[in-house]
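These notes are about the structure you will find just below.
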Amino acid sequence: MTDALRAELTRVASRLGADGVEFVLERPRDAGHGDLATNLAMVLAKRERANPRQTAQRVLQELQLSPELVERTEIAGPGFINFWLARDELATAHRLILEAGSHYGRSTVGAGLRVNVEFVSANPTGPLHVGHGRGAALGDAIASLLEWTGHAVAREFYINDAGVQIDRLAQSLWARVRELAGHPLAIPEGGYHGEYLKENAREVLAREGATFAELPDEEGIRRSRALILEIQRAEQDRDLAEFGVRFDVMSSEQAIYDSGRVEHAIDLLRQRGLTFEAEGALWLRTTAFGDDKDRVLRKSDGSLTYLVPDIAYHIDKHDRGFDRVIDVWGADHHGYIPRMRAVLAALGYSPEFFDVALVQLVKVVRGGQEVKMSKRSGEFVTLRDLYEEVGVDAARYFFLMRKGASPLDFDVDLAKRQTDENPVFYVQMGHARLSGIFRTAERAPESISGALDLQALPAPQDGELLKKLVTFPEIVEKAAREREPHRITVYLHELATVVHAWYHHTRAVGAPEGAATEQARLLLARAARIVLANGLTILGITAPDRM
RNA sequence: GCGCCCGUAGCUCAGGUGGAUAGAGCAACAGCCUUCUAAGCUGUGGGUCCCAGGUUCGAAUCCUGGCGGGCGCGCCA
């Protein structure tokens with residue numbers, strides 16, 4: 001219905017000599033300003049230096065609207081045109097909710113676009129911590145939003161299993177193994193001191209036998225390397241799986257090296273004349289593409305910088321046919337964006353190809369105090385610690401409550417509370433209560449069908465609920481476009497507020513207004529239950545029928 | 001020093017491609033339990049949208065300059 005009105009306003013605009021003019025058609029905050037409002041007249045008046053209210057008159061004269069669509073219009077304030085939709089339109093919108101069911105909110109705006117969302121990508125050097133958890137929730141929800149808007153999405157995890165960090169990890173594990181065997185060995189400089197490596201060392205000895213610890217250092221470290229990668233990867237995968245995140249593709253940095261893609265990336269840049277030699281190193285001229293300084297590819301000692309495999313990896317994603325890649329990165333990597341963007345521009349990729357969603361730090365708070373230590377790792381709060389304590393649903397919801405680029409305080413006490421103060425609880429409770437209505441009615445929600453009789457919904461809360469429900473598809477689209485899942489949590493909380501108020505003030509089963517109202521309210525409850533469930537599903541959170 | 005992000009109620013934050021009287025939750029205060037889950041609802045108080053200019057009919061939103069905070073600026077990853 002919004003689309004039809006927008007189209008008609010666009011037609012009127014061009015008829016008034018303002019082809020392609022941009023204007024806003026939106027739901028006003030204040031219900032007294034109608035169901036939809038446009039600033040078109042004010043925009044036109046600005047171009048013509050005319051009186052906006054008079055221009056609004058001309059727009060209304062030109063406007064051809066079916067009375068079945070719009071019931072009433074008015075010119076208000078400085079020149080807004082407000083529209084009241086015909087009540088039937090709401091009934092039609094309601095019918096669409098029931099027809100679409102678990103698909104309500106899906107659209108095809110992204111049809112034909114292949115998108116790769118890469119997230120978490122934690123180094124396999126230790127357990128996932130809460131920051132990774134936030135990245136996991138965010139990346140998964142962005143991917144989900146893109147799916148809901150018709151994109152073909154791949155969820156991808158990049159394993160940094162090459163390089164110096166892994167060497168140090170292997171040495172650190174080996175030191176722990178030797179230590180257990182009674183041959184104390186220092187953990188190398190820059191190595192890993194976490195308690196988890198002691199557990200891992202015990203695991204290795206149990207698996208490989210006590211003689212493993214007696215191997216010469218060189219062989220012991222070489223084998224430790226493979227073992228620790230396997231162990232840590234398995235732990236991360238288990239935690240992610242329990243957290244409800246599944247990846248379509250696991251990419252390995254080592255595999256990119258082994259396949260020759262890293263060297264090939266350098267060749268490609270060289271052939272394009274984008275490199276130069278200086279001070280014994282090979283440089284990439286990223287300044288020609290917006291970076292603030294040129295970057296080293298091959299150091300003077302002959303080894304490659306981290307940038308090179310990363311370039312190769314992005315080329316690889318491009319070659320796999322993705323139209324867009326979205327990298328979910330910790331906010332501390334934001335300085336890395338311009339150079340990657342420059343590299344991809346240098347390769348001739350579309351500026352739209354590469355996008356980054358930044359995730360800010362998570363501060364875990366308990367009893368008003370920041371929690372810094374984890375029992376397991378002795379270093380940080382692990383994702384596992386967190387979801388075991390508060391549950392996956394609460395963890396995901398809290399991670400998605402705020403814009404990714406904003407720092408987040410995660411209040412553990414609040415996340416566990418079984419009251420309305422806890423937003424997850426509040427939203428899920430809304431769904432459970434709606435389910436309870438059908439239990440009381442002893443009817444399955446799906447069995448309630450037919451057209452919604454708006455005349456049978458006399459309470460103001462009936463109308464408010466209905467109006468809130470029909471905005472859901474717009475919210476999903478906007479959240480997907482902006483890559484901002486928190487728009488869904490905000491909406492769900494608002495919807496839950498309306499649901500609880502409606503539930504409290506009106507009665508469906510045995511409605512005092514009569515059987516017609518009972519039927520209408522059951523239809524409304526069915527629709528509200530669908531929308532709450534769909535919103536929660538996008539975020540990877542369950543919609544319980546009882547609590 | 002340069003770059004990016006941020007500054008909105010006592011606290012935590014929405015809103016930001018300009019639009020009508022700036023919102024929510026928590027906290028505070030005052031009410032509501034023979035009810036489909038009170039595991040909830042209703043109301044009240046609370047604001048220099050960091051500051052100063054500018055653009056505009058109109059600025060929390062855009063521009064410029066400050067102030068304050070976070071992060072980043074390596075031949076680390």
Side-chain angles (χ1 to χ4, degrees), chain A residues 22-24 26 28-30 32-33 37-39 42-43 45-46 49-53 76-80 82 123 125 160 162-166 190 253 278-283 291-293 295-307 309-310 330-339 358 360-361 365 368 401-403 405-409 411 414 417-423 425-426 428-430 432-442 461 482 484 486-487 489-491 493-494 496-497 499-511 518 521-522 525 546-547:
Chain A
E22 291 200 11
F23 62 91
V24 174
E26 63 182 2
R29 279 197 202 95
D30 187 336
H33 295 139
T38 182
N39 66 346
M42 288 184 285
V43 175
K46 185 170 196 165
R49 301 176 159 274
N51 180 322
R53 291 187 66 106
F80 287 101
N82 297 336
N123 289 340
T125 53
N160 294 113
V164 205
Q165 295 304 320
I166 305 302
E253 180 182 1
E279 300 160 55
L282 181 70
W283 295 70
D291 199 3
D292 59 346
K293 54 183 81 163
R295 304 294 168 178
V296 171
L297 297 177
R298 192 189 302 279
K299 301 182 236 175
S300 50
D301 70 1
S303 65
L304 299 177
T305 61
Y306 177 74
L307 185 59
D310 226 21
D332 55 342
H333 285 65
H334 73 257
Y336 198 70
I337 299 173
R339 85 186 65 162
L358 292 177
Q360 265 288 5
L361 295 176
V365 176
M401 263 195 311
R402 305 276 176 249
K403 197 187 307 191
S406 308
L408 174 73
D409 283 356
D411 185 336
L414 180 61
R417 213 165 289 158
Q418 303 287 299
T419 70
D420 60 320
E421 297 156 69
N422 179 352
F425 179 85
Y426 187 76
Q428 289 185 317
M429 189 64 206
R433 280 184 143 180
L434 292 170
S435 301
I437 290 176
F438 294 97
R439 275 196 298 276
T440 305
E442 297 184 330
Q461 289 83 3
E482 306 286 333
E484 291 182 339
H486 78 277
R487 289 173 185 275
T489 46
V490 168
Y491 169 82
H493 196 270
E494 288 168 0
T497 302
V499 165
H500 285 302
W502 174 81
Y503 182 90
H504 188 80
H505 289 286
T506 72
R507 209 183 151 81
V509 181
E518 170 169 324
R521 292 218 170 108
L522 287 173
R546 22 172 124 237
M547 297 183 72

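Quick note: numbers below take in every heavy atom, side chains included, and nothing from hydrogens, waters or symmetry partners. So that the names make sense, note that chain A is the first sequence line, chain B the second, and so on, each numbered from 1.
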Should [X] be listed as having a side-chain N or O under 4.0 Å from OP1 or OP2 of [N]?
X: A:R433; N: B:A38; answer: yes
X: A:Y426; N: B:C41; answer: yes
X: A:K403; N: B:G16; answer: no

Can a donor-acceptor pair under 3.5 Å be found between the side-chain atoms of [X] and the base atoms of [N]?
X: A:H334; N: B:G3; value: yes
X: A:T305; N: B:C75; value: no
X: A:K299; N: B:G74; value: no
X: A:D332; N: B:A77; value: no

Is any side-chain heavy atom of [X] closer than 4.5 Å to a side-chain heavy atom of [Y]?
X: A:R402; Y: A:Q360; answer: no
X: A:Y503; Y: A:L434; answer: no
X: A:T125; Y: A:I166; answer: yes

Which nucleotide sits closest to the side chain of [X]: [options]?
X: A:Q165; options: B:C75, B:G25, B:A77; result: B:A77
X: A:M429; options: B:A39, B:G18, B:C41; result: B:A39
X: A:M547; options: B:U37, B:C36, B:A20; result: B:U37

Rounding to the closest angstrom, what is the interatomic distance between [N] and [M] at atom [atom1]?
N: B:A30; M: B:C49; atom1: P; result: 30 Å
N: B:U17; M: B:U61; atom1: C1'; result: 10 Å
N: B:G23; M: B:C67; atom1: P; result: 33 Å
N: B:C62; M: B:G1; atom1: C1'; result: 28 Å
N: B:A59; M: B:G19; atom1: P; result: 11 Å
N: B:G47; M: B:C36; atom1: C1'; result: 40 Å

Checking N1-N3 plus N6-O4 or O6-N4 for Watson-Crick, or N1-O2 and O6-N3 for wobble, each under 3.5 Å, the partner of B:C2 is B:G72
Atom CG of A:D420 and atom P of B:U37: how far apart are they, to the nearest Å?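 Taking CG of A:D420 and P of B:U37, I get 17 Å after rounding.
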Should A:R417 and A:D420 count as an ion pair when the cut-off is N to O under 4.0 Å? no
Ring-base stacking, A:F80 with B:G19 (5.5 Å, 30° cut-offs):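 It does not: the ring fails the test against the base of B:G19.
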Regarding A:A76, tell me which of base, sugar-phosphate or nothing describes its non-hydrogen contacts under 4.0 Å with the strands shown.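 Base, at least one base heavy atom under 4.0 Å.
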